[in-house]
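One structure below.
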Amino acid sequence: MTIIASLLSEARLPDSPSARLDAELLLAAALGKPRSFLHTWPERVVSGEAAELYASYLARRRNGEPVAYILGRQGFWSLDLEVAPHTLIPRPDTELLVETALALVPAAPARVLDLGTGSGAIVLALACERPLWRLIGVDRIDDAVALAERNRVRLQLDNVEFRESHWFSTLGAERFDLIVSNPPYIAARDPHLDEGDVRFEPSSALVSGADGLDDIRLIVSAAPAHLNAGGWLLLEHGYDQAAAVRELLARQGFEAVESRRDLGGHDRISLGRLPC
């Protein structure tokens, strides 16, 4: 007979920086219960089927697979999102992009574009907070577009649509009041690509040329043709890329160029406004 407390105490995840949390999330999922259930009923007996499922989850986590991919879910902003290995796992630092966008653009009607939407995390968070906005999320991976659409339908957000597009390639002459993006920004030979959860995430969503800035250069150069006068461009980037991104924005004619810091105190996003 196996009880919840024993399963948690015996879990071994030596390479995880959040071993206890991982074990609780995986066990709660195996039981089909919220994490609070584990603390409320630590002496509850676990069925053999649930224990076996939990053991399989632990084995995958010991192999380095991210908890979000094992469970197929990840929280972001106030949303519970479906995720899959063909999209990035939404991270808390990216919520800074959402916070900044909400602070810069009024709650009045506006057109908003999310480039490289992945699971749809950013644009769905914005849509949830701004029902008067009309939002589009694009991604060049059709499986990502389908995943984002499933998240939209489940969240019942009717002010968003998702399209397949490699950055601006299928948008024609459409213009927006706000463009946001968390594009690939890791250099091709960055050693961090061989560490931790990143090993399991799609390289196409992570790597962008020798210095990590190829996609950001493309976005910055093309964005003015898709922004209304006075419109904003917000970009997430690496912790050491802020100065280079600000220079790209200024060189392209953006005004009010600045960077904002993430939860760890690193410059994580940079932004600029198209002149009126």
Side-chain angles (χ1 to χ4, degrees), residues 76-79 81 87-88 90 94-142 144-184 215-237 245 248-249 252-258 260 269-276:
F76 179 83
W77 198 250
S78 60
L79 312 176
L81 299 171
T87 64
L88 287 182
T94 300
E95 293 184 359
L96 176 62
L97 204 62
V98 176
E99 293 172 4
T100 304
L102 294 174
L104 287 174
V105 180
R111 297 198 75 224
V112 177
L113 173 67
D114 176 27
L115 294 168
T117 197
S119 64
I122 295 168
V123 73
L124 291 171
L126 291 173
C128 182
E129 301 293 337
R130 294 287 188 265
L132 294 180
W133 289 2
R134 305 304 302 176
L135 306 99
I136 297 173
V138 301
D139 202 289
R140 70 185 182 90
I141 306 297
D142 55 359
V145 174
L147 172 63
E149 175 63 11
R150 288 197 299 275
N151 280 323
R152 183 199 70 78
V153 171
R154 185 170 48 80
L155 294 168
Q156 298 181 328
L157 293 169
D158 296 330
N159 54 336
V160 188
E161 66 172 293
F162 292 102
R163 304 180 191 171
E164 187 175 341
S165 181
H166 187 201
W167 304 132
F168 300 99
S169 65
T170 67
L171 294 174
E174 290 185 73
R175 288 183 178 266
F176 302 87
D177 302 296
L178 169 69
I179 298 174
V180 297
S181 183
N182 177 16
D215 287 293
I216 288 178
R217 289 190 188 94
L218 188 155
I219 292 170
V220 171
S221 64
H226 294 277
L227 278 170
N228 292 321
W232 289 93
L233 174 62
L234 278 61
L235 296 165
E236 180 169 337
H237 50 67
V245 176
L248 289 171
L249 289 165
Q252 196 62 39
F254 284 90
E255 301 177 338
V257 173
E258 63 173 306
R260 302 280 178 92
I269 69 167
S270 292
L271 54 122
R273 184 179 61 215
L274 198 67
C276 294

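Numbers for residues simply follow the sequence, beginning at 1. Atom set for the values below is all heavy atoms of this structure, side chains included, hydrogens, waters and symmetry mates excluded. Keep in mind it's a predicted model, so treat the numbers as computed, not measured.
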Legend entry - Distance-minimising heavy-atom pair for A223 and L233: CB-CD2, 3.9 Å
Inset, instruction - Nearest 0.5 Å please: distance from the CZ atom of R140 over to the OG1 atom of T117. - result: 14.5 Å
Inset, instruction - Verify, without hydrogens or angle tests, whether W232 (side chain) and L274 (backbone) share a donor-acceptor contact under 3.5 angstrom. - result: no
Inset, instruction - If a pair satisfies side chain to side chain donor-acceptor pair (under 3.5 Å) and one of its residues is in residues 99-108, list it, with sequence neighbours excluded. - result: none
Inset, instruction - Supply the atom-to-atom distance H226 NE2 to L171 CG, rounded to the nearest 0.5 angstrom. - result: 6.0 Å
Inset, instruction - Measure from the side-chain N and O atoms of D114 to the backbone N and O of L135, and report whether any donor-acceptor pair falls under 3.5 Å. - result: no
Inset, instruction - Check whether any side-chain heavy atom of F168 lies under 4.5 Å from a side-chain heavy atom of L115, and answer yes or no. - result: yes
Inset, instruction - Report the distance from atom CZ of F254 to atom CG of L271, rounding to the nearest 0.5 Å. - result: 10.5 Å
Inset, instruction - Start with the C-alpha gap between W77 and L124, add the side-chain angles, then the distance that decides, and say whether side chain to side chain contact (heavy atoms under 4.5 Å, CB included) holds. - result: CA-CA 9 Å; W77 198 250; L124 291 171; over 6 Å; no
Legend entry - Residue list, salt bridge (Lys or Arg N to Asp or Glu O under 4.0 Å) with R130, at least two apart or on another chain: none
Legend entry - Taking every non-hydrogen atom, the tightest pair across Q252 and P224: CG-CG, 3.9 Å
Legend entry - Closest heavy-atom pair and its distance - V180, A101: CG1-CB, 4.3 Å
Inset, instruction - Find out whether N151 and F162 are in side-chain contact, i.e. whether some heavy atom of one side chain is under 4.5 Å from a heavy atom of the other. - result: no
Legend entry - Nearest atoms (heavy-atom pairs only) where G116 meets W167: N-CZ3, 3.7 Å
Inset, instruction - Any pair with a residue in residues 171-183 that passes side chain to side chain donor-acceptor pair (under 3.5 Å), sequence neighbours left out, goes on the list, sorted by first then second residue, please. - result: R111-E174, R163-E174, D177-N228
Legend entry - salt bridge (Lys or Arg N to Asp or Glu O under 4.0 Å) against D158, all qualifying residues, sequence neighbours excluded: R152
Legend entry - Main-chain N/O of A144 paired with T87 side-chain donor or acceptor, under 3.5 Å: no
Legend entry - Considering all heavy atoms, the nearest C128-S78 contact: SG-OG, 4.3 Å
Legend entry - Contact check, side chains of V112 and L126, non-hydrogen atoms, under 4.5 Å: yes
Legend entry - Side chains of R134 and P109 in contact at under 4.5 Å (non-hydrogen atoms): no
Inset, instruction - Give, for atom CD1 of I219 and atom CG of L249, the distance between the pair rounded to the nearest 0.5 Å. - result: 10.5 Å
Inset, instruction - Check the pair W133, V123 against side chain to side chain contact (heavy atoms under 4.5 Å, CB included), reporting the backbone distance first and the verdict last. - result: CA-CA 10 Å; W133 289 2; V123 73; over 6 Å; no
Inset, instruction - Mind checking the CD1-CG spacing from I122 to L234? Nearest 0.5 Å is all I need. - result: 9.5 Å
Inset, instruction - With sequence neighbours excluded, tell me which residues meet salt bridge (Lys or Arg N to Asp or Glu O under 4.0 Å) with E164. - result: none
Inset, instruction - Grab the two heavy atoms, one from P183 and one from E236, that are nearest each other, plus how far apart they are. - result: CD-O, 3.5 Å
Inset, instruction - Would you please name every residue forming a salt bridge (Lys or Arg N to Asp or Glu O under 4.0 Å) with R150, sequence neighbours left out? - result: E82
Inset, instruction - Look at the side chain of D139 and the backbone N and O of V145, then say whether any donor-acceptor pair between them is shorter than 3.5 Å. - result: no
Legend entry - Side chain to side chain, L81 and L147, heavy atoms closer than 4.5 Å: no
Legend entry - Option passing side-chain contact (heavy atoms from CB on, under 4.5 Å) with L235 (candidates D215, L97, I216): I216
